[in-house]
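Have a look at the structure below before the remarks.
Here the structure is a predicted model, which means the values were calculated and not measured. Every number for a ligand or one of its atoms is a count from 1 in the order of the listing.
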Amino acid sequence: MPGQQPVGSEELRERIRKARRVFVLTGAGVSAESGVPTFRGGGRTAVWKGLPFEVISSAGMVERDLPAVWEWFDYRRGVLEKCRPNPAHTALTAWQERFESLTLVTQNIDGLHAAAGSRGVLELHGNIWRARCTRCGARADVRELNDRERPPGCHECGDPMRPDVVLFGEMLPADVYREAAAAASVCDLCFVVGTSAVVYPAAELPVIASRRAYVVEINPEPTPLSELCHEVIHGRAGEVIPAL
Ligand code: APR
């Protein structure tokens, strides 16, 4: 729009024009404008019934009190049901056609990238709409399970199912992380959007990319990653990404 300040530097616009392999890592901030609460940012962390989310969202809690874990994730699904992809999600979907190769990696379990039409999203921390059997590993869409049964029983072996998300104290799915790290190591442009960059190994991916790529952070607030980035754009994802 005439008179509107272009977003980012001329160097970034030049690199976007030339880029072939683009890598994008997103966090809770990319869904903030869809109404999804972030975990940190603004100096606070989420709490559920007096329990810090690191506790209610932990492997230990699945052992100790699986019904409570389901209650917490049912509550979050209740919040997410009302949330729709925002212009950041939609713009990233369009990037799939714009670049020769786009790898979209997210820490979010909300499924909003896929809901916006993004294909092959690498979900590092799983997906809140999926459940997994605690014994045989069978997966199911939570919306197809009997929601009065908590925990729901596995349709394969009958054992209790748990949310198919990576909880605190658990490893990321190795194959998903390996694929993300491989893409980060060969990209020529890397965007880090809406993450506080304090949770590993996800926060390692931009470091891998920085060995050869131009790394850009998009976040209203500085993070521990900011100094490593070639460029930092202090703004909201829903405004910055569509403008790029
Ligand atoms: N646009 C861009 N960034 C934003 C916006 C916005 N509109 N609003 C907030 N942010 C930024 C905040 O400044 C903060 O740096 O998003 C970041 C959100 O940080 P966290 O809440 O820590 O979320 P994230 O980095 O994704 O957390 C990583 O931790 O809790 C675990 O498994 C969970 O995947 C999550 C992981």
Side-chain angles (χ1 to χ4, degrees), residues 7-8 24-48 51-62 69 72-73 75-77 79-80 83-92 104-113 116 121-130 162-173 176-177 180 190-207 215-229 231-244:
V7 169
V24 179
L25 174 68
T26 67
V30 82
S31 296
E33 292 151 82
S34 297
V36 182
T38 59
F39 302 94
R40 306 164 193 90
R44 55 161 187 69
T45 58
V47 172
W48 168 258
L51 281 176
F53 81 89
E54 286 100 345
V55 175
I56 187 70
S57 275
S58 69
M61 205 67 184
V62 168
V69 174
W72 157 241
F73 281 98
Y75 158 75
R76 291 179 64 194
R77 270 186 289 274
V79 173
L80 284 177
C83 300
R84 295 286 166 273
N86 67 58
H89 298 108
T90 316
L92 288 170
L104 179 51
V105 181
T106 189
Q107 298 168 81
N108 301 345
I109 61 175
D110 56 31
L112 289 176
H113 284 302
V121 182
L122 297 178
E123 297 176 313
L124 292 175
H125 297 160
N127 188 306
I128 199 170
W129 302 105
R130 261 194 334 259
R162 52 158 285 166
D164 189 22
V165 299
V166 176
L167 301 172
F168 283 90
E170 294 184 328
M171 302 288 286
L172 270 60
V176 179
Y177 186 77
C190 168
F191 291 91
V192 188
V193 186
T195 179
S196 57
V198 295
V199 172
Y200 283 77
E204 187 62 27
L205 293 166
V207 179
V215 181
V216 182
E217 182 175 57
I218 298 171
N219 193 320
E221 295 179 14
T223 73
L225 202 66
S226 303
E227 60 205 40
L228 170 129
C229 295
E231 189 159 338
V232 174
I233 303 176
H234 284 304
R236 296 165 11 124
E239 290 153 12
V240 171
I241 296 184
L244 282 175

For [X], atoms of ligand 1 separated by under 4.0 Å from a heavy atom:
X	result
Phe168	30 (O), 31 (C)
Ala32	8 (N)
Ala28	23 (O), 24 (P), 26 (O)
Gly194	2 (C), 3 (N), 16 (O), 17 (C), 18 (C)
Glu33	1 (N), 6 (C), 7 (N)
Pro220	2 (C), 3 (N), 4 (C), 5 (C), 10 (N)
Gly27	26 (O)
Phe53	30 (O)

*Considering only heavy atoms, which of Asn219, Val165, Ile109 lies nearest to atom 12 (C) of ligand 1?*
Asn219

*Looking only at heavy atoms, is any part of Gln107 under 4.0 Å from ligand 1, and if so is it the side chain, the backbone, or both, or is it neither?*
both

*Determine whether the side chain, the backbone, both or neither of Thr195 has a heavy atom under 4.0 Å from any heavy atom of ligand 1.*
both

*asked:* For His113 and Ser31, which I'm curious about, is there any donor-acceptor pair between the side chains at under 3.5 Å?
replied: no

*asked:* Looking at Ile128, is its backbone amide N or carbonyl O close enough to the side chain of Asp110 to form a donor-acceptor pair, meaning the two atoms are under 3.5 Å apart?
replied: no

_Any non-hydrogen side-chain atom of Thr223 less than 4.5 Å from a side-chain atom of Val232?_
no

_Side-chain touch Asn219/Leu225, heavy atoms, less than 4.5 angstrom_ = no

Is [X] close to ligand 1, meaning an N/O of one under 3.5 Å from an N/O of the other?
X	value
Asn108	no
His125	yes
Arg236	no

*Could you check His125 against Ser57 for side-chain contact (heavy atoms from CB on, under 4.5 Å), going step by step and ending with a plain yes or no?*
CA-CA 12 Å; His125 297 160; Ser57 275; over 6 Å; no

Which heavy atom of [X] sits nearest to which heavy atom of [Y], and what is that distance?
X	Y	result
Val166	Pro173	CG2-CD, 3.7 Å
Pro206	Cys190	CA-SG, 4.3 Å
Ala180	Val105	CB-CG2, 3.9 Å

*Begin from the C-alpha positions of Val36 and Asn108 and carry the test side-chain contact (heavy atoms from CB on, under 4.5 Å) through to its verdict.*
CA-CA 10 Å; Val36 182; Asn108 301 345; over 6 Å; no

